[in-house]
**Q** 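I have a structure here, written as structure tokens, and I will follow up with some questions on it.
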2 protein chains.
Amino acid sequence: MPSEPTTARGRATRERIVLAAAGLVAERGVAGMSLDDVCAQAPASKSQLYHYFDGRDDLQQAVAETTCGTVMDVQADVLGGFDTLDGAERYLDALVALQEQRGARGGCPIGSLAGQLAEHHEGSRLALADGFDRWETGFRVGLQAMADRGDLRAGTEVATVATQVLAAVQGGLLLTQVRRDARQVRIAMDGALAQITAARRHAGRS
Amino acid sequence: MPSEPTTARGRATRERIVLAAAGLVAERGVAGMSLDDVCAQAPASKSQLYHYFDGRDDLQQAVAETTCGTVMDVQADVLGGFDTLDGAERYLDALVALQEQRGARGGCPIGSLAGQLAEHHEGSRLALADGFDRWETGFRVGLQAMADRGDLRAGTEVATVATQVLAAVQGGLLLTQVRRDARQVRIAMDGALAQITAARRHAGRS
DNA sequence: CATCGAGTGGACGAGATCGTCCAATCGGCC
DNA sequence: GGCCGATTGGACGATCTCGTCCACTCGATG
């Protein structure tokens, strides 16, 4: 049972540990993160790590949670604009630009963690599922706004399309990562967007 | 430099090792596969493993290659039928049935390996990219047959749609895995299929 | 100032893992 | 049978990793 920090100093230490762990996971993968490395990088000592976490698994779950939070924070603005067709295209452009900037490496942080953790740690799986839920909710509220405005085909099931868009993003990012080609995610999501636009749609891809 | 086996016995040993490694990776993930475990399971000895492989990384790449081969073999039949609208729906049904049968666990073997290996082993990344290429080619030739028959919207770019279908499958399988819900992959791929059918399309989902 | 719990530092042992090494065995071939 | 390279068995040391342990410091509070 990990003890929650009660003082500001304790909270800072716990956060240093999680951030160091998240950085190492992003850089080397879950398997490449050793607790000794985390302690060296934080910096912190073993006793601090085991003071705030049950052990490796518990720390990995905390990493999953903060990673989901970071991903959602980074895209909060552009995801908030996903409520018009233009906003949807801006979202896609931002996604592609980010992948190009990273050299098409790394894929989606949440998706990558999913491949490494979902099958082996129930707690981490639930944390990642929660991240996906929040992401999909962002799409859904934006799509609902478009539907209310009449920008979508009549009869569009907004919740279903939101799931399809998220799947297209994740699949596209995976292909981008494996093929080292940032255009893959654009192709994947162009499909999802083309599907939702009404007959009077303007602009295919930029 | 690993030496290729020259005798039938050597080839059998090498194959035993790869299959044992692939099984352990599927069961416990890449990080959970120890070389000692592989030797115990094969069965084989350390010297045999290092006789046929450079080391851990080389073995992982061999696992990636055989995993791609296995996945393509398993779906060869139903993927070969992906050249009519009905065949596409049968493909989707088979995919969903397989996920339900597995309890929505494991996701796509290739996609899971991608998340664990693509970023850290160039050779494995290339092996997985080759697997995706073969998979996408299967979709593309089927879609081209449909286009030639006039089953697709006029002006459909077959290669692009093939990429979108593969992305939808991968994204859908990832959501299925994380959410432990086999319907996710059906939703994801319904979107990709709905997009390609001509106006006189029949049947949405089953 | 004395007390006390939260927080800290880092040594330590148990065990796992990797990769190396060498001697033994197998099986085709002269 | 004798030879020889391919193949095999498994011990071994070096290294890494995890998690435990205990003594220590910090800082709020009475």
Side-chain angles (χ1 to χ4, degrees), chain A residues 1-64 116-117 120-121 123-124, chain B residues 1-64 116-117 120-121 123-124:
Chain A
M1 206 69 66
S3 56
E4 291 297 309
T6 63
T7 71
R9 191 164 59 130
R11 245 168 290 132
T13 299
R14 201 196 116 106
E15 189 174 344
R16 272 206 322 277
I17 293 172
V18 176
L19 289 181
L24 286 171
V25 165
E27 185 185 338
R28 309 181 196 169
V30 170
M33 175 201 77
S34 88
L35 301 189
D36 287 330
D37 290 343
V38 171
C39 289
Q41 180 118 10
S45 68
K46 271 294 184 58
S47 57
Q48 296 178 59
L49 197 160
Y50 279 90
H51 188 65
Y52 296 116
F53 302 95
D54 262 348
R56 190 188 176 78
D57 288 358
D58 191 35
L59 177 58
Q60 282 174 352
Q61 179 172 336
V63 168
Q116 299 176 69
L117 295 176
H120 309 289
H121 299 297
S124 299
Chain B
M1 206 71 65
S3 56
E4 291 297 309
T6 63
T7 71
R9 191 164 58 129
R11 245 169 291 132
T13 298
R14 202 197 115 106
E15 189 174 345
R16 273 206 322 279
I17 293 172
V18 176
L19 289 181
L24 287 171
V25 165
E27 185 185 337
R28 309 180 194 170
V30 170
M33 176 200 78
S34 88
L35 301 189
D36 287 330
D37 289 343
V38 172
C39 289
Q41 180 119 8
S45 68
K46 271 294 184 58
S47 58
Q48 295 177 56
L49 197 160
Y50 279 90
H51 189 65
Y52 297 116
F53 302 95
D54 261 348
R56 190 187 176 77
D57 288 359
D58 191 36
L59 177 59
Q60 282 174 352
Q61 178 172 336
V63 168
Q116 300 175 69
L117 295 176
H120 309 288
H121 299 299
S124 299

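As a basis for the values below, the full set of heavy atoms in this structure was taken, side chains included, without hydrogen atoms, waters or symmetry mates.
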**Q** I'd like a table of atom pairs between the protein and nucleotides 25-27 of chain C - only N or O on both sides, under 3.5 Å - with the distance next to each one.
**A**
none

**Q** For the residue pair A:Thr13 and A:Pro5, establish whether any side-chain heavy-atom pair is separated by less than 4.5 Å.
**A**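 A:Thr13 vs A:Pro5: side chains apart.
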**Q** Provide the closest heavy-atom pair for A:Arg56 versus A:Ser34 in the form atom of the first, atom of the second, distance.
**A**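 Heavy-atom minimum between the residues: NH1-CA, 4.3 Å.
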**Q** Could you tell me how far apart B:Phe53 (CZ) and C:dC18 (P) are, to the nearest whole angstrom?
**A**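 Going from CZ in B:Phe53 over to P in C:dC18 covers 14 Å.
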**Q** Grab the CG-C1' distance between A:Asp57 and D:dT17 for me, whole Å please.
**A**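 Distance check: A:Asp57 CG to D:dT17 C1' gives 14 Å.
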**Q** Rounded to whole angstroms, how far apart are NE2 on B:His51 and C1' on C:dC18?
**A**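 Atom-to-atom, B:His51 to C:dC18, this comes out as 19 Å.
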**Q** CZ of A:Arg56 versus P of D:dT17: gap in Å, rounded?
**A** 9 Å
**Q** Establish, with yes or no, whether the OP1 or OP2 oxygen of C:dG7 is under 4.0 angstrom from a side-chain nitrogen or oxygen of A:Thr7.
**A** yes
**Q** For the pair made of OH in A:Tyr50 and C1' in C:dG13, what is the distance, rounded to whole Å?
**A** 14 Å
**Q** May I ask you to evaluate whether B:Thr13 reaches the phosphate of D:dT8, defined as a side-chain N or O under 4.0 Å from OP1 or OP2?
**A**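 The answer is yes; a side-chain N or O of B:Thr13 sits under 4.0 Å from OP1 or OP2.
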**Q** Measuring to OP1 and OP2 of C:dG7, would you say a side-chain N or O of A:Gln48 lies under 4.0 angstrom away?
**A**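 Checking C:dG7 against A:Gln48, no side-chain N or O comes under 4.0 Å of OP1 or OP2.
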**Q** Report the nucleotide, chosen from D:dT8, D:dA6, D:dC18, that has the shortest atom-to-atom distance to any side-chain atom of B:Tyr52.
**A** D:dT8
**Q** Scan the side chains in residues 39-46 of chain A for donor-acceptor partners under 3.5 Å anywhere in the protein, sequence neighbours excluded, and list what turns up.
**A**
from, atom 1, to, atom 2, distance (Å)
A:Ser45, OG, A:Ser47, OG, 3.0
A:Ser45, OG, A:Gln48, NE2, 3.2
A:Lys46, NZ, A:Asp36, OD1, 2.9

**Q** Between the base of D:dG19 and the side chain of A:Lys46, is there any donor-acceptor pair under 3.5 Å?
**A**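 Pair found.
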**Q** Check the distance between D:dC16's C1' and A:Asp36's CG and give it to me in whole angstrom.
**A** 8 Å
**Q** Counting only side-chain N and O atoms of A:Ser47, is one of them less than 4.0 Å from OP1 or OP2 of D:dC24?
**A** no
**Q** Between A:His120 and B:Glu27, what is the shortest heavy-atom contact and its length?
**A**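 Closest approach of A:His120 to B:Glu27, heavy atoms only: CE1-O, 3.5 Å.
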**Q** How close or far is atom C1' of D:dA6 from atom CD of B:Glu4, stated in whole angstroms?
**A**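 The distance from CD of B:Glu4 to C1' of D:dA6 comes to 14 Å, rounded to the nearest Å.
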**Q** Please find the pair of heavy atoms, one from B:Met33 and one from B:Ala21, that lie closest to each other, and give the distance.
**A** SD-CB, 3.8 Å
**Q** Expressed in angstrom and rounded to an integer, what is the separation of A:Leu49 atom CG from D:dC21 atom P?
**A**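 In whole Å, D:dC21 P lies 16 Å from A:Leu49 CG.
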**Q** To the closest 0.5 Å, what do you measure between CZ (A:Phe53) and OG (A:Ser3)?
**A** 10.0 Å
**Q** Looking at CD of A:Glu4 and NE2 of A:His51, how far apart are the two atoms once the value is rounded to the nearest 0.5 Å?
**A**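 That separation rounds to 10.0 Å.
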